[in-house]
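What follows is a single structure, written as structure tokens, with notes after it.
We name chains A, B, ... by the order of the sequence lines, and we start the count at 1 in each one. All of these numbers come straight from a predicted model, not from anything done at the bench. Below, all heavy atoms of this structure are taken into account, side chains as well, without hydrogens, waters or symmetry copies.
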Number of protein chains: 2
Amino acid sequence: MKKVSEPTIGRLSVYLRLLMELAEADVDTVSSEELASRSGTTAAQVRKDLSLFGTFGKRGLGYSVPELVTRLRAILGLEKAWRVALVGAGRIGAALFGYENFRRQGFNIEAVFDTDPTKVGQRWNGLVVEADAGMERVLEERGIEIAVVAVPARAAQGVVDRLVAAGIRGILNFAPTQLDVPAGVVVKTVDMALEMEGLSYALSREEREPGAA
Amino acid sequence: MKKVSEPTIGRLSVYLRLLMELAEADVDTVSSEELASRSGTTAAQVRKDLSLFGTFGKRGLGYSVPELVTRLRAILGLEKAWRVALVGAGRIGAALFGYENFRRQGFNIEAVFDTDPTKVGQRWNGLVVEADAGMERVLEERGIEIAVVAVPARAAQGVVDRLVAAGIRGILNFAPTQLDVPAGVVVKTVDMALEMEGLSYALSREEREPGAA
DNA sequence: AACTGTGAAAACTTTCACAGCC
DNA sequence: GGCTGTGAAAGTTTTCACAGTT
């Protein structure tokens, strides 16, 4: 298989979301042009992205919505349910825990950890917040595959080292810090402050040089 | 000025964060190599990124930490305090409201809106959650410049249209949906489900073809 | 006629490599 | 000697444009 870029994978996720909406509305065929306009890209880009994984469309017709949903779910590894642990039961952790879009795509949070003794023992919608100290054992017992790290920046690398040692190979990181992990472990960082600074840059540039995008 | 790419701006934010840590630790000089290794990029990339905005370093020596902090803050538009409104007082809104890194970089949340009558009137750390209906007036009265949209996907476009009509030109969007805005309005979307699907893709690919990055 | 799949071209981003300065 | 600033080269991603299929 050819090499597939990060932005391509992001767009595939977007297409999948749109396709699921279309399927919901009983639309059964869609063109690359339609997918493009709904996802803010171009028809050629949609076709190129999909063509990296096979030929799913019918010339003259477009793509079958149900088929493409199935294909994209397979490509993105969303046919199985992933077992997820949440490390850090603060506000960001709570937000994620309640985030419906996670569950819907098959990401099941099956353990929550925190160091704070006042949080340990709390019931979160049927799950009990567990002490950080027993994390490794619980991860193994429950076959957790993905961890969401929602702890303060200074604690993040330590947590990640323990997760990696416990065999976790996928990490979604909310701590605004660079994380070092060995090859074979995948980290995605969600950095809200960084996006906000991107806005700040764009807005102040518009003030300085009106007309710039 | 030359055109500056999105990834460059993201890296500048990362450099700034590192530089502030270095300044905290009273380090006064740093090389591109050092910045690069701490931010997961290359020395050439650091120098190229900075050189787009001026010549800040000293050959043979490196960069002055305090000077570079000042310069980057100016470049990113972080010298002023931005007035921010939060639309949606759910869990994601609450997480953002308490997020220290926002406040620290000068993003001050000065209004919170929600449609839910049980939320309206709640005190959030000194701020009162206000009814969505009065949003436009409050935005204007308080001179709000940036809005954070943390409402359900189906409500997001409607909210954004109202924000744009009220003169907001910068939006940080947490709703997993494509938003249409006129030219001159900047939207950054934080999409956690999308990042999670990126992890799913990477992990299931490793299972299928071991050894792939 | 409508629309996909895809090589080739264009645009963009990163890396290299070295001259120039401290 | 150490390190920056930067043109030129390499690599990557997007767009174009059209042959091919239904």
Side-chain angles (χ1 to χ4, degrees), chain A residues 1-15 18-19 22 27-69 71-72 75 178 198 201 212-213, chain B residues 1-15 18-19 22 27-69 71-72 75 178 194 198 201-202 212-213:
Chain A
M1 162 148 334
K2 304 129 198 157
K3 196 191 27 102
V4 179
S5 74
E6 203 81 342
T8 293
I9 299 303
R11 287 189 300 265
L12 293 182
S13 290
V14 173
Y15 305 154
L18 293 170
L19 287 161
L22 291 171
V27 176
D28 48 38
T29 278
V30 71
S31 68
S32 56
E33 182 49 49
E34 174 96 26
L35 273 179
S37 79
R38 294 194 190 224
S39 57
T41 182
T42 65
Q45 183 75 79
V46 170
R47 295 199 300 273
K48 189 65 115 187
D49 287 340
L50 295 175
S51 76
L52 296 173
F53 295 92
T55 80
F56 308 135
K58 296 212 185 353
R59 293 173 194 231
L61 259 171
Y63 300 89
S64 150
V65 171
E67 187 198 332
L68 203 46
V69 166
R71 298 301 200 123
L72 287 178
I75 291 165
Q178 156 77 8
Y201 171 77
Chain B
M1 159 144 341
K2 304 129 199 160
K3 196 192 28 102
V4 179
S5 73
E6 203 81 341
T8 293
I9 299 304
R11 286 189 302 265
L12 293 181
S13 290
V14 173
Y15 305 155
L18 292 170
L19 286 160
L22 291 170
V27 175
D28 47 39
T29 278
V30 71
S31 66
S32 56
E33 181 52 47
E34 174 97 25
L35 273 179
S37 77
R38 293 194 191 223
S39 57
T41 180
T42 66
Q45 183 75 79
V46 170
R47 296 200 298 274
K48 189 67 112 190
D49 288 340
L50 296 175
S51 75
L52 297 173
F53 295 93
T55 80
F56 307 136
K58 297 212 184 355
R59 294 175 193 229
L61 259 171
Y63 300 88
S64 151
V65 171
E67 189 199 331
L68 203 45
V69 165
R71 299 300 200 121
L72 287 178
I75 291 165
Q178 157 76 7
L194 193 126
Y201 171 77

*Please report, rounded to the nearest Å, how far the P atom of D:dT4 is from the CD atom of B:E67.*
13 Å
*asked:* Below the 4.0 Å mark, does D:dT4 have OP1 or OP2 next to a side-chain nitrogen or oxygen of B:S32?
replied: yes
*Please round to the nearest 0.5 Å and tell me the distance separating atom CD of B:E34 and atom CG of B:L22.*
6.5 Å
*What's the closest nucleotide to the B:K3 side chain, out of C:dT4, D:dG5, C:dT13?*
C:dT13
*Drop me the distance from A:L19's CG to A:R38's CZ, to the nearest 0.5 angstrom.*
9.5 Å
*CD/A:Q45 to CG/A:D49 distance, rounded to the nearest 0.5 angstrom?*
4.5 Å
*asked:* Rounded to whole Å, how long is the line connecting atom CG of A:L52 with atom C1' of D:dT15?
replied: 15 Å
*Tell me, with the steps shown, if A:L68 and A:L50 meet side-chain contact (heavy atoms from CB on, under 4.5 Å).*
CA-CA 9 Å; A:L68 203 46; A:L50 295 175; 4.0 Å; yes
*Within this structure, what is the CG-to-C1' distance between A:D49 and D:dT12, rounded to whole angstrom?*
14 Å
*Measure the CG-CZ distance between A:L35 and A:R11 for me, rounded to the nearest 0.5 Å.*
12.5 Å
*Quickly work out the A:L35 CG to C:dG5 P distance and round it to whole Å.*
12 Å
_Return whichever of B:G54 or A:G60 has its heavy-atom-nearest nucleotide of DNA chain D closer to the 5' end._
B:G54
*Distance in Å, A:Y15 OH paired with A:T8 OG1, rounded so as to fall on 0.5 Å steps*: 7.5 Å
_Quick check for you: among D:dT14, C:dT14, C:dT4, whose closest atom lies nearest to any side-chain atom of A:Y63?_
C:dT4
*End-to-end bend of the helix from C:dA1-D:dT22 to C:dC22-D:dG1 (five-pair axes, 10° rounding)?*
10°
*Qualifying residues under side chain to side chain donor-acceptor pair (under 3.5 Å), relative to A:T42, sequence neighbours excluded*: none
_What residues from residues 38-48 of chain A pass a heavy-atom cutoff of under 4.0 Å to DNA chain C?_
A:R47, A:K48
*What's the CZ-C1' distance between A:F53 and C:dG5, to the nearest Å?*
15 Å
*Quick one: B:E34 CD to D:dC3 P, roughly how many Å, whole number?*
10 Å
*Roughly how far apart are B:E67 CD and B:D28 CG, rounded to 0.5 Å?*
12.0 Å
*5'-most contact on DNA chain C: A:L50 or B:K58, nearest heavy atom basis?*
A:L50
*Tell me: CG of B:L61 to P of D:dG2, nearest whole Å?*
13 Å
*asked:* Looking at the base of D:dT4, is there any donor atom on it, or on the side chain of B:R59, that sits under 3.5 Å from an acceptor on the other one?
replied: yes
_From CA spacing to verdict: side-chain contact (heavy atoms from CB on, under 4.5 Å), A:R47, A:Y63_ = CA-CA 10 Å; A:R47 295 199 300 273; A:Y63 300 89; 3.7 Å; yes
